[in-house]
Peer 1: 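Pasting a structure below so you can have a look.
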Amino acid sequence: MGHKRYHIKSACPQCGCSFAQVLSKEEIKERYGDTPNIELECGECMLKFETDRKSACPEWDDECRLKEGEA
Ligand SMILES: [Zn+2]
């Protein structure tokens, strides 16, 4: 069993700079829990903004759906 890495991509609504992060499932759970929206902080203008988890990380959403299917 490997440790899958998830790519989270978004863009700051204020300055438009792109934002990318690679996190493990554990890191995501620790930071964002199970909420449908995740909070990100722009590295350029320090704006905190929320983004839809589905659009920020489609592969993560797929994984969640698979989990639900197993339950
Ligand atoms: Zn920004």
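The analysis underlying the following values was restricted to heavy atoms, covering all of them including side chains, and did not include hydrogens, waters or symmetry mates. In listed order, ligands and their atoms are each counted from 1. In what follows, residues are counted from 1 in the order of the sequence shown.
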Peer 1: What are the protein N, O or S atoms, given as residue plus atom name, that sit under 2.8 Å from the Zn ion (ligand 1)?
Peer 2: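 Under 2.8 Å from the Zn ion (ligand 1) - ignoring waters, which are not counted - the protein N, O or S atoms are C12 SG, C15 SG, C42 SG, C45 SG.
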Peer 1: Answer with yes or no whether the side chains of H7 and E59 bring together a donor and an acceptor at under 3.5 Å.
Peer 2: yes
Peer 1: Between atom OG of S55 and atom NZ of K9, what is the distance when rounded to the nearest 0.5 Å?
Peer 2: 12.0 Å
Peer 1: Using residues 38-51 as the side-chain source, report each donor-acceptor pair under 3.5 Å to any protein atom, sequence neighbours left out, with the distance given to one decimal.
Peer 2:
none

Peer 1: Would you give the length of the straight line joining atom CH2 of W60 to atom NZ of K29, rounded to the nearest 0.5 angstrom?
Peer 2: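 Spacing of CH2 (W60) from NZ (K29) equals 9.0 Å.
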Peer 1: What's the spacing between K4 NZ and L23 CG if we round to 0.5 Å?
Peer 2: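 Rounded to the nearest 0.5 Å, the NZ-CG separation comes to 13.0 Å.
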Peer 1: For E63 and Y6, test the side chains for any donor-to-acceptor distance below 3.5 angstrom and give the result as yes or no.
Peer 2: yes
